[in-house]
Amino acid sequence: MTTAVLCALLVLVAAVLTGCGQSSEPDGDGGGSNGGGGARETAPAPGPARASGYGTVFLGIDECSSFGRTSFTEVPCTGERAAARVVARHDGRVGNGPVCPATTDFVLHISERRPAADEDGDGTVPRGYACMRNLAAPHPGDPGGGGGPRTIVGDCVYGTGAGEVRETPCDDEGGGTGGKAPEYEVTAAVGKRSACPASTELYVRLSGPEPVGCARPW
């Protein structure tokens, strides 16, 4: 083979290899100086999924607390230390936030603190409150239960003087089980006093969208 033929073959092979290495993308997608568009955008890789359930948020909805009202911890709801379940959770102070559900048994006040581990890793548990429902009876937040953070229809009250009333448990005999016998029962919740039944003898201030409780003698 002559030198001229060998050189021609080498040139041909180099041309073929160069053609195979070219991109098949249109000019506008490559981001080069000859194209009209910028570099192609790629979707960012999804971050790690955030865990749910026990431990994700300190005393989040459907999580459970241990026994105690002033000193308590979050515990698994299936554990033997679990006493009550969170039915609602709000930030801030109770007086400034939404009211708890009607049958809430008690409220846990969560002060701002900086534990070793918290719900989102920023080192802070903000001030808030959790509306709790006991895992087992008794349920003082139920109608007639004699307790709970809210007075609702079906609850009984007694007068404490100075135009104030306090909730007490109702019972069939009317003797009461909370140390004070009931004097009135809240039979309706309305928006204004004029909407109360004719049998109403006492008006009780309620929380929620219907702030007037209509009470009749027990």
**Request:** Establish whether V94 and V99 are linked, either directly or via other cluster members, by ILVMFWY side-chain heavy-atom contacts under 4.5 Å.
**Result:** no
**Request:** Return the set of residues passing side chain to side chain donor-acceptor pair (under 3.5 Å) with S66 (not counting sequence neighbours), or none when no residue passes.
**Result:** T73
**All pairs passing disulfide bond (SG atoms under 2.5 Å apart) where residues 179-211 contributes a residue, at least two apart** = C196-C214
**Item:** For D155, salt bridge (Lys or Arg N to Asp or Glu O under 4.0 Å) partners two or more places apart
**Value:** none
**Message:** Under a 3.5 Å cutoff, is there a donor and acceptor pairing between the side chains of N134 and H139?
**Reply:** no
**Prompt:** Can you check whether R127's main-chain N or O pairs, donor with acceptor, with R93's side chain at less than 3.5 Å?
**Reply:** no
**Message:** Is there a path of hydrophobic side-chain contacts, each under 4.5 Å between heavy atoms, that joins V107 and L59?
**Reply:** no
**Complete:** With sequence neighbours left out, the residues meeting side chain to side chain donor-acceptor pair (under 3.5 Å) with R85 are none
**Request:** May I ask you to test the L202-E183 pair for a side-chain heavy-atom distance under 4.5 Å?
**Result:** no
**Message:** Please list all pairs meeting ring-ring contact (aromatic ring centres under 6.0 Å, His included) that have one or both residues in residues 86-106, counting only residues at least two apart or in different chains.
**Reply:** H90-Y129
Side-chain donor-acceptor contacts of residues 156-164 below 3.5 Å, not counting sequence neighbours, with atom names and distances?
from : atom 1 : to   : atom 2 : distance (Å)
T160 : OG1    : E164 : O      : 3.3

**Message:** According to a hydrophobic-cluster definition based on side-chain heavy atoms being under 4.5 Å apart (Ile, Leu, Val, Met, Phe, Trp, Tyr only), do V186 and V190 belong together?
**Reply:** no
